[in-house]
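Fair warning: this is a prediction, and the values are worked out from it, not measured in the lab. Order of the sequence lines fixes the chain letters, A, B, ..., with proteins taken first and strands second; residue numbering starts at 1 for each chain.
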Amino acid sequence: MSIETIIQKATIEAVKTLYGAEVTENQVQVQNTRKEVSGDITIVVFPFLRLSRKSPELTAEDLGTYLVEKVDMVDSYSVIKGFLNLEISRNYWLDILMESYTYDNFGIAEPGDDSKLVMVEYSSPNTNKPLHLGHIRNNLLGYSISEIVKANGNKVVKTNIVNDRGIHICKSMYAWQQWGNGETPESSSMKGDHLVGKYYVEFDKHYKAEIAELVEKGTSKEDAENQAPSIIAARELLRKWEAKDEATIELWKKMNSWVYSGFDVTYKTLGVDFDKIYYESDTYIVGRDEVLRGLAEKIFYQKEDNSVWADLSGDGLDQKILLRSDGTSVYMTQDIGTAKMRFNDYTIDKMVYVVGNEQNYHFQVLANLLDKLGYSWGKDLYHFSYGMVELPSGKMKSREGTVVDADDLVEGMITVARDMSAELGKLDSLTGKEAEDTFRMIALGALKYFILKVDPRKNMMFNPEESIDFNGNTGPFIQYTYARIKSVLRKAAEKDIVINEKIAVQDISAKEKELLKRISLFPAAVQEAGVNYSPAIIANYCYELVKEFNQFYHDHFILGEADADIMNFRLVLATSVGKVIQKGMNLLGIEMPERM
RNA sequence: GCCUUGGUAGCUCAGUUGGAUAGAGCAACUGCCUUCUAAGCAGUAGGUCAUGGGUUCGAAUCCCGUCCAGGGUACCA
């Protein structure tokens with residue numbers, strides 16, 4: 001039980017004993033004491049004034065006296081206005097330290113046999129273009145959320161739905177046929193996904209030009225968009241694909257395989273992976289059958305032009321198309337099929353979709369449709385709705401080439417990490433490969449932390465003109481602190497200093513206590529991150545912890561300390577901080593270098 | 001139009017179920033490396049928490065209005 005909970009329960013008792021009144025846990029506000037004030041835990045007494053019929057100060061005195069007497073861990077108290085500040089005994093903090101030092105899973109709940117199975121869908125790329133910064137945010141959030149959910153005692157299946165069919169890939173296919181001259185990743189030395197993306201852009205260029213030409217000849221813009229030769233050709237390819245035309249399927253497979261090999265490299269670089277991959281080309285058929293079943297069971301209805309619709313107006317939503325008049329599937333159709341297949345494949349307790357907030361409405365509708373189709377889990381799906389990454393120029397658009405390419409960005413970051421290390425004269429002692437690994441670790445640490453430290457629900461700004469920081473509230477700052485701790489521990493080992501698990505210090509400094517308090521908050525941070533689906537909570541926790549450690553490190557010697565007990569205590573403290581940092585950052589998918 | 005999300009320092013962001021004097025980093029300016037890594041530490045400066053009301057002992061936080069911005073809104077995913 002955490003100290004907050006203990007104090008909370010004791011306070012409820014106190015109020016009952018002293019004033020004969022029942023209060024609920026919500027009414028007892030327990031918080032960490034402000035730094036400028038002495039004390040560790042603070043209770044806000046204002047809510048009890050009505051019960052005590054006394055002034056805030058006297059009420060606080062009553063409670064303070066009671067708590068000091070009844071709760072072992074409370075040493076003393078002080079009162080400032082309506083705030084009761086409790087001093088928690090040193091032994092409590094030292095116990096926490098021992099727990100974090102000896103227990104490898106401190107703060108982490110291991111999944112057991114009766115754990116819930118949570119499936120997390122993330123990434124979900126289209127196969128007609130390479131990944132960009134927006135996808136990076138999705139991938140990092142998806143991976144991190146999976147780890148956080150796992151750390152809260154759940155089993156997790158990470159899944160990816162690959163949108164491998166549809167008009168978008170046909171556009172790239174057509175452009176490659178027309179203007180590709182048989183170019184391949186090998187012949188062009190281009191990464192497969194970039195090559196296919198090049199033809200997607202190429203398509204759009206020609207398409208726009210054709211529209212402009214038609215409009216000049218007097219066609220309306222809307223008609224021109226439908227009559228341009230390129231789009232007609234792309235649609236023809238889609239029709240042939242659905243008719244299983246051999247040559248078209250062949251081309252589709254070839255170009256998709258290029259994209260996949262490209263994605264694999266990017267996924268590997270980002271350090272994300274999946275337990276199960278679904279392909280839209282499989283799931284849309286299942287979805288179509290489900291819609292037709294719904295039609296037969298009169299859950300849905302058909303219009304005169306043969307299109308199939310759901311009427312959701314009774315649920316505050318609109319009419320939603322599920323099959324087009326020509327019988328082909330839409331986005332929603334495929335998601336219904338994918339959901340069905342997943343729940344057939346796994347015993348899923350909770351489904352989490354990591355998809356951008358532009359699709360909030362889509363998931364509201366999906367939950368409703370699955371429910372109508374008789375799937376009890378439908379309405380409980382959770383749409384992890386994250387914000388867009390914006391550029392100073394606005395939204396990223398692949399078609400128009402106004403994107404920050406994922407591979408380029410990572411490559412650029414590694415270069416910065418390498419240059420910076422050289423400039424600082426770091427890592428000169430490492431061999432080429434070790435050094436390169438570290439540069440990669442630092443670069444990705446900077447990128448991942450930059451993305452994950454912000455509240456996932458909010459839009460965030462990225463300015464390509466300014467490089468991502470390596471100083472201050474950043475991934476490398478945290479990695480650096482970890483490397484410092486490792487360095488101290490290496491030196492201790494060199495001096496044959498053996499760390500003793502028994503702590504025997506008489507006094508601890510204010511800085512040391514602050515650090516212990518921070519460590520004690522780790523389990524709560526992991527839980528809170530799980531409840532709120534927020535890697536940012538972990539990121540900010542790690543930053544606060546590391547900042548605290550650096551202050552301690554600056555003010556106190558560890559190996560230079562003359563008193564053996566104090567040195568031992570500080571070694572245990574540093575080790576624990578290192579462990580917590582590593583565990584926390586691991587939840588974000590950020591690796592920690594031994595030296596930097 | 002309707003639905004929805006947001007607006008906190010020059011910039012990028014924190015800010016717990018409403019609590020004490022609204023916090024970090026970057027950028028600017030000052031100090032601190034002959035002792036464990038200066039990718040660090042300490043300090044200065046920078047705020048009408050978009051705006052006007054309301055609720056309350058207490059509001060960046062809750063409610064209402066207004067302004068601004070993003071997203072969605074029946075055959076794009």
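The shortest distance between the side-chain N/O atoms of A/Asn471 and the OP1/OP2 oxygens of B/rG40 is below 4.0 Å. Side-chain nitrogen and oxygen atoms of A/Gln359 include none within less than 4.0 Å of the OP1 or OP2 phosphate oxygen of B/rG72. OP1 and OP2 of B/rG72 both lie 4.0 Å or more from every side-chain N or O belonging to A/Tyr361. For B/rA39, one of the phosphate oxygens OP1 or OP2 lies less than 4.0 angstrom from a side-chain nitrogen or oxygen of A/Lys426. Residue A/Arg34 places at least one side-chain N or O closer than 4.0 Å to OP1 or OP2 of B/rG23. Between A/Lys547 and B/rG25, a side-chain N or O to OP1/OP2 separation shorter than 4.0 Å is present.
Nucleic acid contact class of A/Asn85 (heavy atoms, under 4.0 Å, all strands): base. Contact annotation for A/Thr328: no contact, since no heavy-atom pair falls under 4.0 Å across all strands. Across all strands, A/Phe462 comes closer than 4.0 Å to no nucleic acid atom at all (heavy-atom distances).
Of the candidate nucleotides B/rG40, B/rA20, B/rG19, B/rG19 has the atom lying nearest to any side-chain atom of A/Gln29. In the set B/rG19, B/rA39, B/rU37, B/rU37 carries the atom at the smallest distance from any side-chain atom of A/Ala483. Of the candidates B/rG25, B/rA74, B/rA14, B/rA74 carries the atom nearest the A/Trp309 side chain, counting heavy atoms from C-beta on. The side chain of A/Glu390 approaches B/rG70 more closely than any other nucleotide in the set B/rG70, B/rA20, B/rA74. Among B/rC76, B/rC36, B/rU73, the nucleotide with an atom closest to any side-chain atom of A/Asp318 is B/rU73.
Between A/Lys511 and A/Glu514 no salt bridge is recorded (no basic side-chain N to carboxylate O distance below 4.0 Å). Look at A/Arg457 and A/Asp455 and you find a salt bridge, because one of the NZ, NE, NH1 or NH2 atoms lies within 4.0 Å of a carboxylate O, short of that distance.
Whole-Å rounding puts the A/Met461 CE to B/rG10 P distance at 16 Å. Atom CG of A/Asn163 and atom C1' of B/rC76 are 12 Å apart (whole Å). Rounded to an integer number of Å, the gap from CG of A/Asn550 to C1' of B/rC32 is 15 Å. Atom C1' of nucleotide B/rA74 and atom NE2 of A/His362 are separated by 14 Å, given to the nearest angstrom. For A/Met460 and B/rG70, the CE to P distance is 18 Å, given to the nearest whole Å. Separating the OH atom of A/Tyr449 from the C1' atom of B/rA39 is a distance of 14 Å, rounded to the nearest angstrom. Rounded to a whole Å, the CG atom of A/Asn226 is 12 Å from the C1' atom of B/rC75.
The base of B/rA39 sits with one of its N or O atoms less than 3.5 Å from a complementary donor or acceptor on the side chain of A/Ser421. For B/rA39, the base has no donor-acceptor partner in the side chain of A/Thr481 [N/O atoms by modelled type, under 3.5 angstrom]. Under 3.5 Å, the side chain of A/Asn463 and the base of B/rC11 form no donor-acceptor pair of N or O atoms. At a cut-off of 3.5 angstrom, the base of B/rA42 holds no donor-acceptor pair with the side chain of A/Asp555.
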Per-nucleotide protein contact string for nucleotides 1-6 of chain B (B base, S sugar-phosphate only, - none; heavy atom under 4.0 Å) = ------
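The number of heavy atoms from other shown groups lying within 6.0 Å of CD (A/Glu36) is above 12.
The side chain to side chain donor-acceptor pair (under 3.5 Å) pairs that include a residue from residues 556-576 of chain A are A/Ser100-A/Ser576, A/Ser509-A/His556, A/Glu512-A/Arg570, A/His556-A/Arg570, A/Glu561-A/Arg570, where partners are two or more places apart or lie in different chains.
Applying the side chain to side chain donor-acceptor pair (under 3.5 Å) criterion to A/Glu434, with sequence neighbours excluded, gives A/Thr431. By the ring pair (Phe, Tyr, Trp, His ring centres under 6.0 Å) test, A/Tyr482 pairs with no residue at all, sequence neighbours left out. Take A/Tyr200 and apply the ring pair (Phe, Tyr, Trp, His ring centres under 6.0 Å) test, not counting sequence neighbours, and it matches no residue. Partners of A/Glu594 under the side chain to side chain donor-acceptor pair (under 3.5 Å) rule, at least two apart in sequence or in another chain, do not exist in this structure. Taking A/Tyr278 as the reference, nothing meets the ring pair (Phe, Tyr, Trp, His ring centres under 6.0 Å) condition, with sequence neighbours excluded.
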Atom pairs and distances, donor-acceptor, side-chain atoms in residues 465-478 of chain A, under 3.5 Å, two or more places apart:
from: A/Glu466; atom 1: OE2; to: A/Asn463; atom 2: ND2; distance (Å): 3.3
from: A/Asn473; atom 1: OD1; to: A/Tyr449; atom 2: OH; distance (Å): 2.6
from: A/Thr474; atom 1: OG1; to: A/Phe470; atom 2: O; distance (Å): 3.4
from: A/Thr474; atom 1: OG1; to: A/Phe477; atom 2: N; distance (Å): 3.2

Mind listing the side-chain donor-acceptor pairs of residues 532-540 of chain A below 3.5 Å, one per line with the distance, residues two or more places apart or on another chain?
from: A/Asn532; atom 1: ND2; to: A/Glu528; atom 2: O; distance (Å): 3.1
from: A/Ser534; atom 1: OG; to: A/Ala536; atom 2: N; distance (Å): 3.4
from: A/Asn540; atom 1: ND2; to: A/Ala536; atom 2: O; distance (Å): 3.0

Determine all donor-acceptor pairs shorter than 3.5 Å in which one atom belongs to a side chain in residues 359-367 of chain A; sequence neighbours excluded.
from: A/Gln359; atom 1: OE1; to: A/Tyr331; atom 2: OH; distance (Å): 2.3
from: A/Asn360; atom 1: OD1; to: A/Ser385; atom 2: OG; distance (Å): 2.8
from: A/Asn360; atom 1: ND2; to: A/Asn357; atom 2: O; distance (Å): 3.3
from: A/Tyr361; atom 1: OH; to: A/Asp318; atom 2: N; distance (Å): 3.2
from: A/His362; atom 1: NE2; to: A/Asp335; atom 2: OD2; distance (Å): 2.9

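Listed for the A/Arg165 side chain is no donor-acceptor partner under 3.5 Å among the backbone atoms of A/Glu242.
At a non-hydrogen distance threshold of 4.0 Å, A/Ser487, A/Val488, A/Lys491 from residues 487-498 of chain A come into contact with RNA chain B.
In RNA chain B, stems built from 3 or more consecutive Watson-Crick or G-U wobble pairs, each with both distances under 3.5 Å, span B:1-7 with B:67-73, B:10-13 with B:23-26, B:28-32 with B:40-44, B:50-54 with B:62-66.
Taking the 5.5 Å centre cut-off and the 30° plane limit, the aromatic side chain of A/Phe83 is classed as stacked on B/rA20. Aromatic stacking is marked for A/Phe46 over B/rG19, as both cut-offs hold: 5.5 Å for the centres and 30° for the planes.
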